[in-house]
**Q** 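Supplied in structure tokens, the structure appears directly below.
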Amino acid sequence: MSTTVSMRTVSSLEKCFWDDDLQQKNELTSLRIFRNQPACFQVVFKNIRTKLYRERFSLSVSGDLAPYATMRSVVSVPVHFPCREGLCDDNYIRREPGLYPDLLRPLHYQNGITLIGDQAQAVWVEINLPRNYKAGEHSLTVTLLPFGCTEALNSRTVKVTLMDELLPPQRLVHTEWFYTDCIANHYHTRPFSARHWRLIEAFLKTAVKNGVNMILTPVFTPELDTYVGGERLTTQLLDITVTAPNQYSFSFDKLERWIDLCLSLGVTHFEIPHFFTQWGANHAPKIVATVNGKTKKIFGWETDACGEEYTAFLSQMLPALVAFLEKKGVAPNTYFHVSDEPNLKSLERYTQCKNLIKPFLKDYPIIDALSDFDFYASGALEKPVPGIRSIQPFLDHQVDGLWAYYCGDSGPNVSGRMMAMPSARTRILGVQLWLFRIEGFLHWGYNFYNNQYSYDVLNPFLNTDGEFFVPSGDAFLVYPGDNGTPWESIRLNSLREGMEDMRLLDLASDQLGRERVEKILLETAGGELTFTSYPTDPVFFQQLQERLCSEMGLI
């Protein structure tokens, strides 16, 4: 049968828009993976007919890798706010509002696709092999058939070389802020009900699969992105009872369940929410307790952060919390916060608040997003998390154990996760963090489904920018899918690939020495690699892998 469907296999770093010319896409015919690494690529289709013609097709896979392959539709979502004026640069795919490929959704129509004439569509293919699978060259063939028929219309084969080597465990501490309230709101379920726990587990599992190993743990409801005087849905793991004026008892049963669940899924680090409100540390977060048998809010926006009542509470809660974390064996891998994004105007108040909690936290790390080097130089915070746009002074002063973050306001030329950015720009973060020896990476939005300051709950499938809060892609990496299953995004996979690049560099450094690997990395990058200057061609990652594997004698 003569085919009317153009078909091409492309890299996982491609973003295929409906009006793309498939002939302009670089064909992917082979790739190389390690034993504990998934193989990902895309198959792009275009029905070469009149624009209004609609036709349904089936997809099948064959070859020895077929039992381990899954396929998902790459769905384009609405992007009204692709980039922020003044922060855009030339390294964007597009800057106009429109439909942008991002969501990875399970296939419909019994593993089929529907093609509209002259519109490109992509399918995401992921192969996860057993750890003991035979090393060497393997293949997967994707075949397109008319729906309900067995005669192939078109097919493509990708060869996958499995190397007989494991990537080392991820050494970077990586947190994407995890919002249990957004999960409960979207699925209309009561916080920490049986269903909510199942949803939390599913979202945690997807996070860990993609390189997130530190989880924001709601000992009390995180006060992040909440308007002054407002409240987010209560998601507090710590049960508190007021036993007398300024006297409290604590139950850690839910927190213990949370920690046990996280550990069972592979989480290695825990992050306690900020003890004081955002942008100034002037108030206490929302905290509820049982008072005379009834649940009641006992602290919040009306509470002075350094007042007598909250100070009395912290002096009892913090020793109890630390003792529990030490008993569970997770205290050495637990990080604490004072207040998010302080500046020099809030230096005095921030210092007061930190001095309230520091005596109870011993030598446990306190981290906060902080991009003002003068604030850090004051000594108010020992472990800053600067934005990558502002990180250079911290690098120049060789700050020990430095962390980093970025967000939608990070500025031009830096890595990011906007839907309008090329996937290579998202992935490059991994080699940057490795080269500059960054200990941890923080981002504020794993699953934030609210608008700015959390006035309202949004549908992330329809609103990808928090109602013009941030450029599309900054607020979340996963979509709340059907049946409580988080659906991944292209951007999440690009970040995971960046984490795998770091692990490859660690493997090579262990074998070849750090100095040699840095030299290889810079040579492959063209001589320079910083947080604002880096290779933009996706071929860089393939060249780096080939060069390092060759040097290690793996190929």
Side-chain angles (χ1 to χ4, degrees), residues 167-179 204 206-217 224 266-272 274 333-337 340-341 365-371 376 381-392 394-395 399-411 413-418 421 423-448 470 473-478 489 491-506 521 529-532 534:
L167 290 173
Q170 181 177 304
R171 297 170 191 175
L172 178 81
V173 182
H174 180 193
T175 181
E176 303 280 339
W177 282 349
F178 189 98
Y179 300 104
L204 285 172
T206 297
V208 172
K209 171 197 168 189
N210 289 284
V212 176
N213 54 16
M214 182 161 89
I215 296 296
L216 182 65
T217 297
L224 299 161
V267 173
T268 56
H269 293 72
F270 296 87
E271 181 181 10
I272 306 303
H274 306 73
N333 289 335
T334 299
Y335 291 70
F336 297 86
H337 292 290
D340 191 43
E341 296 181 339
I366 298 174
I367 62 172
D368 275 315
L370 171 68
S371 293
Y376 165 73
L381 177 64
E382 293 83 8
K383 208 167 186 63
V385 186
I388 58 177
R389 179 178 60 171
S390 308
I391 201 171
Q392 194 57 48
F394 297 86
L395 296 173
V399 174
D400 186 49
L402 188 61
W403 280 53
Y405 84 97
Y406 64 51
C407 64
D409 292 327
S410 290
N413 302 318
V414 296
S415 179
R417 62 186 61 186
M418 307 312 140
M421 289 179 174
S423 292
R425 183 169 180 170
T426 304
R427 179 171 170 176
I428 197 67
L429 179 70
V431 296
Q432 293 171 325
L433 296 175
W434 184 89
L435 181 61
F436 292 100
R437 302 172 184 263
I438 303 301
E439 179 182 291
F441 179 75
L442 176 154
H443 189 274
W444 71 277
Y446 175 68
N447 62 321
F448 184 79
V470 288
D474 199 35
F476 59 85
L477 289 168
V478 294
S489 63
R491 296 166 295 114
L492 178 61
N493 279 271
S494 298
L495 274 173
R496 174 187 50 74
E497 290 174 338
M499 300 301 104
E500 291 167 355
D501 293 335
M502 294 188 74
R503 295 163 64 192
L504 171 58
L505 289 162
D506 281 333
L521 174 57
L529 200 158
T530 68
F531 280 107
T532 56
Y534 47 86

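No experiment lies behind these values; they were computed from the predicted model shown.
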**Q** Tell me, do V212 and T175 make a side-chain contact under 4.5 Å, heavy atoms counted?
**A**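 Sidechains of T175 and V212: no contact.
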**Q** Provide the closest heavy-atom pair for Y406 versus I388 in the form atom of the first, atom of the second, distance.
**A**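 That would be CD2-CD1, 3.7 Å.
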**Q** Output all residues satisfying salt bridge (charged side-chain N to carboxylate O under 4.0 Å, His left out) with R427, sequence neighbours left out; order by chain, then residue number.
**A**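 If we apply the salt bridge (charged side-chain N to carboxylate O under 4.0 Å, His left out) test to R427, skipping adjacent residues, the hits are E497, D501.
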**Q** Taking all non-hydrogen atoms of both residues into account, name the closest pair between V173 and H269 and its distance.
**A**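 Closest approach of V173 to H269: CG2-NE2, 3.8 Å.
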**Q** Mind listing the closest non-hydrogen atom pair of P386 and I391 along with its distance?
**A**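 That closest heavy-atom pairing would be CG-CG1, 3.7 Å.
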**Q** Check side chain to side chain contact (heavy atoms under 4.5 Å, CB included) between P168 and all other residues, then give those that pass, not counting sequence neighbours.
**A**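 For P168 the side chain to side chain contact (heavy atoms under 4.5 Å, CB included) partners, ignoring immediate neighbours, are R171, R503, D506, L507.
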**Q** Any side-chain heavy-atom pair from L381 and I366 closer than 4.5 angstrom?
**A**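 Yes - at least one pair of side-chain heavy atoms lies under 4.5 Å apart.
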**Q** Work out which heavy atom in E439 is nearest to a heavy atom in G401; give both atom names and the distance.
**A**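 The answer is OE1-CA, 3.3 Å.
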**Q** Quick one: do L433 and L172 satisfy side chain to side chain contact (heavy atoms under 4.5 Å, CB included)? Show the steps, please.
**A** CA-CA 9 Å; L433 296 175; L172 178 81; 3.9 Å; yes
**Q** Test L495 against N210 for side chain to side chain contact (heavy atoms under 4.5 Å, CB included), laying out the working first.
**A** CA-CA 8 Å; L495 274 173; N210 289 284; over 6 Å; no
**Q** Using every non-hydrogen atom in the two residues, find where L505 and V431 come nearest and quote the distance to one decimal.
**A**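 Nearest heavy atoms, L505 then V431: CD1-CG1, 3.8 Å.
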**Q** What about the rings of F476 and Y446, do their centers lie closer together than 6.0 Å?
**A**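 No, too far apart.
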**Q** Could you check F441, Y335, F436 and say which one makes a ring-ring contact (aromatic ring centres under 6.0 Å, His included) with W403?
**A**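 Among F441, Y335, F436, the one meeting ring-ring contact (aromatic ring centres under 6.0 Å, His included) with W403 is Y335.
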**Q** Using the side chain to side chain donor-acceptor pair (under 3.5 Å) criterion, which residues pair with S489? Sequence neighbours excluded.
**A**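 Result, side chain to side chain donor-acceptor pair (under 3.5 Å) vs S489: none returned.
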**Q** With sequence neighbours excluded, tell me which residues meet side chain to side chain donor-acceptor pair (under 3.5 Å) with N493.
**A**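 Expected list: E488, R496.
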**Q** Got a sec, which residues hit side chain to side chain contact (heavy atoms under 4.5 Å, CB included) with Q392, two or more places apart in sequence or on another chain?
**A**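 Scan of Q392 (side chain to side chain contact (heavy atoms under 4.5 Å, CB included), adjacent residues dropped) gives L395, D396.
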**Q** Test your reading of the model: is there a side-chain donor-acceptor pair from T426 to the backbone of R491, 3.5 Å cut-off?
**A**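 Answer holds: no.
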**Q** Going by side chain to side chain donor-acceptor pair (under 3.5 Å), name the residues that satisfy it together with T217, two or more places apart in sequence or in a different chain.
**A**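 With sequence neighbours excluded, T217 shows a side chain to side chain donor-acceptor pair (under 3.5 Å) to W258, given in chain and number order.
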**Q** I need the minimum non-hydrogen distance between S423 and S494, along with the two atoms involved.
**A**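 Heavy atoms of S423 and S494 come nearest at CB-OG, 3.4 Å.
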**Q** Tell me whether the centres of the aromatic rings in H443 and Y405 are closer together than 6.0 Å.
**A**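 That pair fails the under 6.0 Å test.
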**Q** For F336, what residues pass the ring-ring contact (aromatic ring centres under 6.0 Å, His included) criterion, not counting sequence neighbours?
**A**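 Counting only residues at least two positions away or on another chain, F336 forms no ring-ring contact (aromatic ring centres under 6.0 Å, His included).
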**Q** Looking at H274 versus W444, is the centre-to-centre ring distance below 6.0 Å?
**A**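 Ring centres of W444 and H274 not closer than 6.0 Å.
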**Q** Just to verify, what does E176 make a salt bridge (charged side-chain N to carboxylate O under 4.0 Å, His left out) with, not counting sequence neighbours?
**A**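 Salt bridge (charged side-chain N to carboxylate O under 4.0 Å, His left out) list for E176, sorted by chain: R417.
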**Q** Applying salt bridge (charged side-chain N to carboxylate O under 4.0 Å, His left out), can you list everything that pairs with D340, at least two apart in sequence or on another chain?
**A**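 D340: no salt bridge (charged side-chain N to carboxylate O under 4.0 Å, His left out) contacts found.
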**Q** Between D474 and C407, does the side chain to side chain contact (heavy atoms under 4.5 Å, CB included) criterion hold? Intermediate values first, please.
**A** CA-CA 7 Å; D474 199 35; C407 64; 4.0 Å; yes
**Q** M421: what forms a side chain to side chain contact (heavy atoms under 4.5 Å, CB included) with it, not counting sequence neighbours?
**A**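 With neighbours one apart ignored, the set is Y92, M418, R425.
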**Q** Using side chain to side chain contact (heavy atoms under 4.5 Å, CB included) as the criterion, list what pairs up with T532, not counting sequence neighbours.
**A**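 Scan of T532 (side chain to side chain contact (heavy atoms under 4.5 Å, CB included), adjacent residues dropped) gives N413, V414, T530.
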**Q** Tell me every residue that passes salt bridge (charged side-chain N to carboxylate O under 4.0 Å, His left out) with E341, counting only those two or more places apart in sequence or in another chain.
**A**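 If we apply the salt bridge (charged side-chain N to carboxylate O under 4.0 Å, His left out) test to E341, skipping adjacent residues, there are no hits.
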**Q** Let's go through M214 and H174 carefully: what are the C-alpha distance in whole Å and the side-chain angles of both, what is the deciding distance for side chain to side chain contact (heavy atoms under 4.5 Å, CB included) to 0.1 Å, and is it a yes or a no?
**A** CA-CA 6 Å; M214 182 161 89; H174 180 193; over 6 Å; no
